[in-house]
Amino acid sequence: SRLTMSESDDDKPLKSSKKEPKPEEDDDDVPLKKAKSSKKENVQSQVKEENAPTAAKESKKKKKTKRKRGDDDDDDDDDDEEDFDTRKKKAPAKKEKSSKSSSKSAKTDGKGQPKKPKKEVKVEPVYEWWKDEQPLAQGKKWRFLEHNGVIFPPNYEPHGVKMKYDGQIISLTPEQEAIATMYAAMSRTDYAGKDVFKKNFWKEFSEKLGKNHAIKDLENCDFQPIVDHLDAEREKKKALTKEEKLKIKQAKEKTEAPYVTVVLDSHLEKNGNFRVEPAGLFRGRGEHPKMGQVKGVIQPEDITMNCSEDACPPRCSLPGHAWQSLVHKDEQTWLAFYKDTINGEFKYVFLSAGSSLKGQSDREKFEKARELKKHVARIRQRITQGLKSSGLEMQQNTALWLIDNLAIRAGNEKDTNEEADTVGCCSLRVEHITLGTDEEGPTIYFNFLGKDSIEYKNLVKLRPKDEEKAKEGEENPCVSFVREGEEKNFRRVVENMRSLTSNSKKPSDDVFDQLNTSSLNTYLKDLMPGLTAKVFRTYNASFTLDQELYKLEDHPEKSSFLRNDATQLKFYNDANYQVAILCNHSRAVSKTFDSQVEKMDEKIKGLHEELADLKKKKKSADNKEQMKKKIANLEERISKQETQKQIKLKLAGVALSTSKVNYLDPRITVAWCKRFGNFPLNKVFNKSLITKFKWAIDEADEDWRF
DNA sequence: CCGGCCGACTCAGAAACTTATAA
DNA sequence: TTTATAAGTTTCTGAGTCGGCCG
């Protein structure tokens with residue numbers, strides 16, 4: 001569905017935007033007061049009742065006054081955009097179409113073919129906190145919080161399928177069977193081949209088996225019967241009719257409904273992760289020393305609940321059980337937490353990404369990055385100075401240069417007995433760095449495992465004078481050129497790195513032996529209040545997007561880009577790609593990738609043959625005009641296929657979504673869409689992002705810049 | 001005063017699931 | 001049309017960051 005964007009003439013700075021009556025707020029106050037006075041009575045149902053008709057009212061209002069883009073032919077029907085932008089209904093109806101988007105309307109009218117109507121997109125209603133005028137006291141996150149706690153996975157049901165050992169059929173107790181089944185479930189993953197995984201699993205499994213058990217080792221275990229059973233179960237589930245599946249889904253929705261929403265102050269919010277993690281084998285990333293360990297069952301006794309004092313506390317759904325404790329911490333955003341059984345890590349239940357609590361802190365994050373923008377020139381001057389000094393100051397500023405220029409993470413210390421051995425800036429070791437030179441000057445090659453054990457391989461060098469070579473490097477994701485103006489600093493950084501990785505150090509020694517993240521952040525606090533290392537990542541990601549996107553402003557092909565959604569989208573994605581490369585956001589390449597590309601090649605080849613054929617026929621054809629049309633058509637299909645293939649190759653191992661979700665100020669995207677031909681936002685933001693970034697959609701007009 | 005642990009939050013890619021598209 | 005596959009979306013939970021507190 002295409003969600004239209006208003007011309008934003010009605011977008012006002014945050015504070016003054018409350019121009020609409022907000023019935024839901026007034027309505028909501030009623031049940032809240034009721035709840036408070038009657039105390040300990042669940043107010044959720046009341047709030048819901050009050051909210052629901054309000055939402056309906058809202059949408060009806062909207063429908064009446066909603067403008068449609070001329071090109072919104074297929075999917076923009078009825079109610080799919082009702083929650084998108086409540087304020088656009090006040091926008092002057094004519095202006096948008098007649099001015100900016102005129103060229104676009106013309107174009108899209110043409111291609112508005114009788115497509116199957118797309119499934120309508122429902123955007124979740126969002127509490128519009130940015131229009132709220134009553135800020136909470138410093139540090140407070142809510143006045144009232146009521147929820148129903150968490151939902152537990154079902155107890156393990158023994159299936160009775162027997163595994164084999166040394167060819168013999170073995171009977172297991174339900175407890176033993178449970179963890180054997182966890183192992184069987186992972187038999188086709190990469191973990192199954194890893195020694196650490198097997199060793200850790202065997203330790204637990206053999207303990208559960210007890211002394212003198214018939215099973216003596218993992219080597220001769222045969223889990224295949226259980227694997228087959230799991231496969232069969234999956235098949236059974238798949239073979240259910242549509243109706244049966246729907247019934248199961250609806251039943252699930254019904255049981256989960258009480259947990260989906262919570263009451264926060266006087267409105268409803270979506271819960272994020274109210275399902276307690278089921279038991280299973282731990283799947284650490286990379287070479288995690290604890291992979292294969294059993295992640296135990298979580299009981300209510302492990303869980304701490306958080307709600308307000310005057311709320312009805314969550315009931316424990318498991319009979320005979322009770323929560324570990326109930327607290328009322330209004331300076332915290334979590335609803336519940338427990339500790340996992342692997343490393344004792346905290347597992348929190350939080351509100352969803354679209355909630356006001358998440359939205360507010362998200363906005364604060366981007367505002368802080370924008371604050372850095374104001375200070376960055378000065379801070380970079382300071383770094384330039386610091387690079388020339390020695391000792392701690394040199395280390396601090398060299399590290400900062402890397403963080404600022406390469407978007408490397410801060411790099412906390414890690415205990416490699418408990419976690420995988422990965423590094424960031426402060427924890428870089430000599431073995432991760434290779435210094436060199438090429439025709440342009442010095443180079444640094446980074447090769448280390450970062451967060452999630454994702455490889456970071458980057459040859460950092462000066463931009464070649466030769467345009468051809470520069471272009472080549474630009475297209476190589478493993479090469480990056482030093483930012484313009486930073487050439488001198490880079491040479492200094494290389495020298496510093498040379499001394500920091502000198503022969504007196506072992507490969508396993510720290511590069512920045514005097515640094516840790518907390519001292520580095522203390523140093524940053526002096527440069528700008530609230531500044532920490534991670535802000536540079538946010539800042540540089542968002543700044544890069546803004547810069548790249550606004551190159552469209554005086555792009556020679558601007559008008560043709562604006563006329564075509566596909567090319568304009570590609571322009572956006574190319575900018576997004578730059579950020580993904582900067583931040584080293586990657587994703588696994590599909591196992592069938594090669595065959596997919598092969599298929600594409602064949603298709604392109606087929607089209608070329610078809611084209612040659614047509615051209616031949618054209619010579620002897622009666623209707624030359626018609627043939628010409630056909631040829632042009634085919635040529636377009638070929639070029640479309642070819643760009644598709646290029647995009648596919650380029651994005652094979654690159655994830656664009658991570659930066660979109662976490663690093664890119666959504667207002668950049670919103671403003672760009674509004675500015676450039678009123679580009680449909682839903683082509684770049686999916687439903688979740690539109691919900692998550694509703695605040696930004698409301699806030700940013702076409703002139704907004706990061 | 002600082003180092004290490006605790007606690008709370010953001011960020012991360014894989015897996016599971018759903019929808020769109022091609023054959 | 002039906003069906004297979006690819007693309008897109010959501011869920012899941014692991015892995016970081018960073019402030020604060022305590023000994």
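First the proteins, then the strands, lettered A, B, ... as listed; each starts at 1.
Counting only heavy atoms from C-beta on, Lys648(A) has its side chain closest to dA7(C) among dA7(C), dC9(B), dT10(B). Checked against dA12(B), dA23(B), dG13(B), the side chain of Lys603(A) finds its nearest nucleotide in dA23(B). Comparing dT5(C), dG13(B), dA15(C) against the side chain of Lys451(A) picks out dA15(C) as the nearest. The side chain of Arg409(A) sits closest to dA12(B) out of dT13(C), dA12(B), dT5(C). You'll find that the side chain of Thr658(A) is closest to dG13(B), out of dT13(C), dT10(B), dG13(B). Side-chain atoms of Arg275(A) lie closest to dC12(C) of the nucleotides dT18(B), dC12(C), dC11(B). The side chain of Tyr663(A) has dA12(B) as its nearest neighbour among dA12(B), dT10(C), dG14(C).
Taking atom NE2 on His585(A) and atom C1' on dG13(B), their separation rounds to 10 Å, with Å as the unit. Computed from coordinates, the Leu515(A) CG to dC2(B) C1' distance equals 16 Å when rounded to whole Å. Between the C1' atom of dT13(C) and the CZ atom of Arg285(A) lies a distance of 8 Å, rounded to the nearest Å. Distance Asn412(A) CG to dG19(C) P: 10 Å, rounded to the nearest Å.
Put simply, His288(A) has no side-chain N or O that comes within less than 4.0 Å of OP1 or OP2 on dG14(C). Put simply, Gln644(A) has no side-chain N or O that comes within less than 4.0 Å of OP1 or OP2 on dA7(C). Applying the 4.0 Å criterion to OP1 and OP2 of dC11(B), one finds that Lys365(A) has a side-chain N or O inside that range. Note on Asn662(A): every side-chain N or O is 4.0 Å or more away from OP1 and OP2 of dT10(B).
Interface residues of residues 523-535 of chain A facing DNA chain C, ordered by number: Lys525(A), Thr532(A), Ala533(A), Lys534(A); criterion, heavy-atom separation under 4.0 Å. If you check residues 332-355 of chain A against DNA chain C, the residues with a heavy atom closer than 4.0 Å are Lys347(A), listed by number. Residues from residues 293-301 of chain A that place a heavy atom under 4.0 Å from any atom of DNA chain C, listed by number: Lys295(A).
Residue Ser518(A) is out of contact with every strand shown, counting any heavy-atom pair closer than 4.0 Å.
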